[in-house]
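Scroll down for the structure; my scribbles are underneath it.
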Amino acid sequence: MEVMTLEEVAKMLRVSEQTIYELARSGNLPGRKVGREWRFLKHSILEWFEDGENGEEGKVQLDEFGGEYKVEDGQEKIALWLPMSLEEKRKLLEKAEREGVNVSDLVSRYLREWMQG
């Protein structure tokens with residue numbers, strides 16, 4: 001298992017260090033921050049590169065609100081992997097803003113309703 005630095009990944013992929021930093025920071029490139037430095041597993045980077053970088057099944061991505069989501073079985077799952085699509089999340093955020101309520105309360109209510117069937 002070979003561990004690589006940000007600089008090594010940039011050199012391997014022939015892109016700027018800034019590009020690698022932005023991809024890693026956004027969650028689009030598999031890596032982990034160790035202290036103040038980024039580290040990457042070479043096999044994960046090669047797999048990521050071979051798969052492409054957009055919208056793959058099971059890969060954590062960032063939505064336009066800055067929250068994490070991934071696609072499982074063709075369905076979007078938002079942070080905490082709730083059974084909620086990005087469109088449903090957008091509607092909840094709009095409702096919270098419109099009604100002046102806490103988004104967490106709306107998500108909790110959504111979860112309770114989902115669990116009850």
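Note that the numbering runs from 1 along the sequence shown for the chain.
Not a single side-chain hydrogen bond (donor to acceptor under 3.5 Å, both in side chains) links E97 to another residue, sequence neighbours left out. For the side chain to side chain contact (heavy atoms under 4.5 Å, CB included) test, residues two or more places apart in sequence or in another chain that qualify with E99 are K95, V101. K42 meets the salt bridge (Lys or Arg N to Asp or Glu O under 4.0 Å) test with E2; sequence neighbours excluded. Under the salt bridge (Lys or Arg N to Asp or Glu O under 4.0 Å) criterion, E94 pairs with no residue at all, not counting sequence neighbours. Every residue was checked against the side chain to side chain contact (heavy atoms under 4.5 Å, CB included) condition with K11, not counting sequence neighbours, and none meets it.
When all heavy atoms of N28 and W48 are compared, the pair lying nearest together is O-NE1, 2.7 Å. Nearest heavy atoms, M4 versus E8: CA-OE1, 3.2 Å. For the pair S44 and P30, the tightest heavy-atom approach, listed with the atom from each and the gap, is O-CG, 3.7 Å.
The CZ atom of R39 sits 6.0 Å away from atom OG1 of T5, with the distance rounded to the nearest 0.5 Å. For the atom pair L29 CG and L6 CG, the distance stands at 8.5 Å (nearest 0.5 Å). We find the CD1-CD1 distance between I20 and I45 to be 7.0 Å, quoted to the nearest 0.5 Å.
Residue pairs meeting the side chain to side chain donor-acceptor pair (under 3.5 Å) criterion with at least one partner in residues 14-25, sequence neighbours excluded, are S16-T19, Q18-E22.
Between the side chain of W38 and the backbone N or O of E7, no donor-acceptor pair lies under 3.5 Å.
Taking a 4.5 Å side-chain heavy-atom cut-off between Ile, Leu, Val, Met, Phe, Trp and Tyr, the cluster of L41 extends to M1, V3.
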